[in-house]
Novice: 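Pasting in a structure now, in structure tokens, and then I'll have a few things to ask.
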Protein chains: 2
Amino acid sequence: MADHVVSTERSRGGMSEQRRRRVRLEISREAARLFWAQGVDGTSGDQIAEAVGLSTRTIWRHFRSKESCAEPIVAQSVEWELATLRSWPLHRSLEEHFATEAKRLVSEISPSEQADAGLGVKMIRLAETEPALRTAWLMACDQVEHELAAVIATRLGLKPDALQVRLHAAAAAAALRVINEYVGAGLLDGTDPRELGDESFAFIADAVRTATGGAVGDPVQLDEAPAAPDEGAADRQE
Amino acid sequence: MADHVVSTERSRGGMSEQRRRRVRLEISREAARLFWAQGVDGTSGDQIAEAVGLSTRTIWRHFRSKESCAEPIVAQSVEWELATLRSWPLHRSLEEHFATEAKRLVSEISPSEQADAGLGVKMIRLAETEPALRTAWLMACDQVEHELAAVIATRLGLKPDALQVRLHAAAAAAALRVINEYVGAGLLDGTDPRELGDESFAFIADAVRTATGGAVGDPVQLDEAPAAPDEGAADRQE
DNA sequence: AGTGACACTGTCACTAAGTGACAGATATTG
DNA sequence: CAATATCTGTCACTTAGTGACAGTGTCACT
């Protein structure tokens, strides 16, 4: 029985991971709705449980705290940025890549994803005044920072934990955070989505380029990556 | 000494403000010690209260949550950066200013402040693994970001909430955060303080300059500040 | 089909975080 | 000393979150 392990192990442990994510997202949707409608403090765990049709105990089995119920929705709202960064080819400029990816995204987005995105924006807005939610938002930004570190590391031919890379990644991620907050606030205040959307991707690329002192944004030649002409003090770190 | 306005007016509502800060700091010291020794989850509010010699109820009067007990110690550990930024004269370069301020600081620091700084570094380290503390650390970084926004705004002749300013401030603050984490981790891992200290202030200035795309760091002429092409990219913000 | 293993959920009792309300202590002012 | 306002301790209380146990559905193997 030890030889055909594959199918058994998948069906047991693997099915749940997908299912678990769906349940968490479902809980997160209801929690976000309630948080937005009544505030975080004004929403109890029991209310969330009732809204999603589960027992309170089960909520705590999926989320370690009330605030963290918002995490999946918030995380999903930066997921497209993560995906875009992951798929950024070496030979393209950031502007080009963001422009094409943004266009593709707009055409492919489903109504339910759009609703989730709306909730995500609201949570980000709420995070400015509700310190409890701020953690969730900053966690998502942290994800972006790590993804950026990986991308930048390969582009500059350095390790992801080199100080130089971490600095660039942190600065660029911070810029992305500010833009997200800015765009989100604009949307919620009634600015026309099209107006913001059209300029935003060019803006994003420019912000990343600036925040990294111009080190990240241009196309990279394959033979150029490992070369990295001594940038002084930074390379003594690993 | 202060028999006049200061003492009277403060004694009613405001005397407490100074005293309150001292009490909060005292609590924060004990909390940080315990957090470091036993972890955050392993430390109860009752323990903190007992360690500092107050009732548990009084702890909650000074801090809205257990984790926030760490805030004052963490905040104090970036206080010198805030002060240094506040006192940055227009006509000096960031490198010069940081170098002189750092020297002055090293000579003036008291043993108790040194102990507090040690605790602060430990809390920052702990924040990497304890999400509960991460909020405190990021709050402190947020302070730095706001201070930076104010400084950058006056240097560029823009408003503090202009998008351009917010982007620069966020990127620079993120860079400072990474450096703080890097230096702190180095200290805790036994690196010689002198080795890190000597290069760090030059490093800081350089990081800020890079993160702002070179826009922040140079001396500013007085007549140049308000000049900035006033209807440029950043003005769509109000 | 039957049986055991396992993952998921609900129920309930419990710990710990945090608040409200009241009373006593302390300090400042007149 | 009297008057007032802030600070603190005590205690009862709400709520977030956990541990333990039991019931249910699903899959695997026979």
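Every heavy atom of this structure was used, including side-chain atoms; hydrogens, water molecules and symmetry mates were not. It should be emphasised that the depicted structure is a prediction, and the values quoted were computed from it without experimental measurement. Every chain is numbered from 1, with letters handed out A, B, ... down the list of sequences.
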Novice: Ignoring backbone atoms, test whether Arg19(B) places a side-chain nitrogen or oxygen under 4.0 Å from the OP1 or OP2 oxygen of dT8(D).
Specialist: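 Yes.
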Novice: Taking only side-chain nitrogens and oxygens of Ser55(A), does any of them come within less than 4.0 Å of OP1 or OP2 of dG10(C)?
Specialist: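 For dG10(C), OP1/OP2 do have a side-chain N/O of Ser55(A) under 4.0 Å.
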Novice: Report, as a single string ordered 5' to 3', how protein heavy atoms within less than 4.0 Å touch nucleotides 16-21 of chain D: B base, S sugar-phosphate only, - not at all.
Specialist: SBBB--
Novice: Not counting sequence neighbours, which residues clear side chain to side chain contact (heavy atoms under 4.5 Å, CB included) with Pro111(B)? List them please.
Specialist: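 Pro111(B) satisfies side chain to side chain contact (heavy atoms under 4.5 Å, CB included) with no other residue.
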Novice: List, one per line, each side-chain donor-acceptor pair under 3.5 Å for residues 50-58 of chain A, sequence neighbours excluded.
Specialist:
residue: Ser55(A); atom: OG; partner: Arg57(A); partner atom: N; Å: 3.4
residue: Ser55(A); atom: OG; partner: Thr58(A); partner atom: N; Å: 3.3
residue: Ser55(A); atom: OG; partner: Thr58(A); partner atom: OG1; Å: 3.2
residue: Thr56(A); atom: OG1; partner: Asp46(A); partner atom: OD1; Å: 2.8

Novice: For the pair made of CZ in Arg22(B) and P in dC7(D), what is the distance, rounded to whole Å?
Specialist: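 The distance from CZ of Arg22(B) to P of dC7(D) comes to 14 Å, rounded to the nearest Å.
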Novice: dT9(C) phosphate, OP1 or OP2: any side-chain N/O from His62(A) under 4.0 angstrom?
Specialist: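 The answer is yes; a side-chain N or O of His62(A) sits under 4.0 Å from OP1 or OP2.
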Novice: Without decimals, in angstroms, what is the distance between Glu50(A) CD and dT15(D) C1'?
Specialist: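 Value for this atom pair: 16 Å.
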Novice: Tell me: CD of Gln47(B) to P of dA16(C), nearest whole Å?
Specialist: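 Checked: the CD to P distance equals 10 Å.
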Novice: dG18(C) P sits how many Å from Leu54(B) CG, rounded?
Specialist: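 After rounding, the reported distance stands at 17 Å.
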Novice: Apply side chain to side chain contact (heavy atoms under 4.5 Å, CB included) to Ala205(A) and list each qualifying residue two or more places apart in sequence or on a separate chain.
Specialist: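 Ala205(A) satisfies side chain to side chain contact (heavy atoms under 4.5 Å, CB included) with Leu94(A), Glu95(A) once adjacent residues are dropped.
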Novice: Among residues at least two apart in sequence or on other chains, which ones pass side chain to side chain contact (heavy atoms under 4.5 Å, CB included) with Leu25(A)?
Specialist: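 Side chain to side chain contact (heavy atoms under 4.5 Å, CB included) list for Leu25(A), sorted by chain: Arg29(A), Pro72(A), Ile73(A), Gln76(A), Asp116(A).
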Novice: Quick one: look up who dT30(D) pairs with, Watson-Crick or G-U, both distances under 3.5 Å, and put none if it's unpaired.
Specialist: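 dT30(D) is paired, partner dA1(C).
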Novice: Who are the side chain to side chain contact (heavy atoms under 4.5 Å, CB included) partners of Ile124(B), not counting sequence neighbours?
Specialist: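 If we apply the side chain to side chain contact (heavy atoms under 4.5 Å, CB included) test to Ile124(B), skipping adjacent residues, the hits are Ser77(B), Trp137(B), Glu181(B).
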Novice: Using the six-membered ring wherever Trp is involved, compare the ring planes of Trp88(A) and His97(A) and label them parallel, tilted or perpendicular (cut-offs 30° and 60°).
Specialist: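 The arrangement is parallel - the two ring planes meet at less than 30°.
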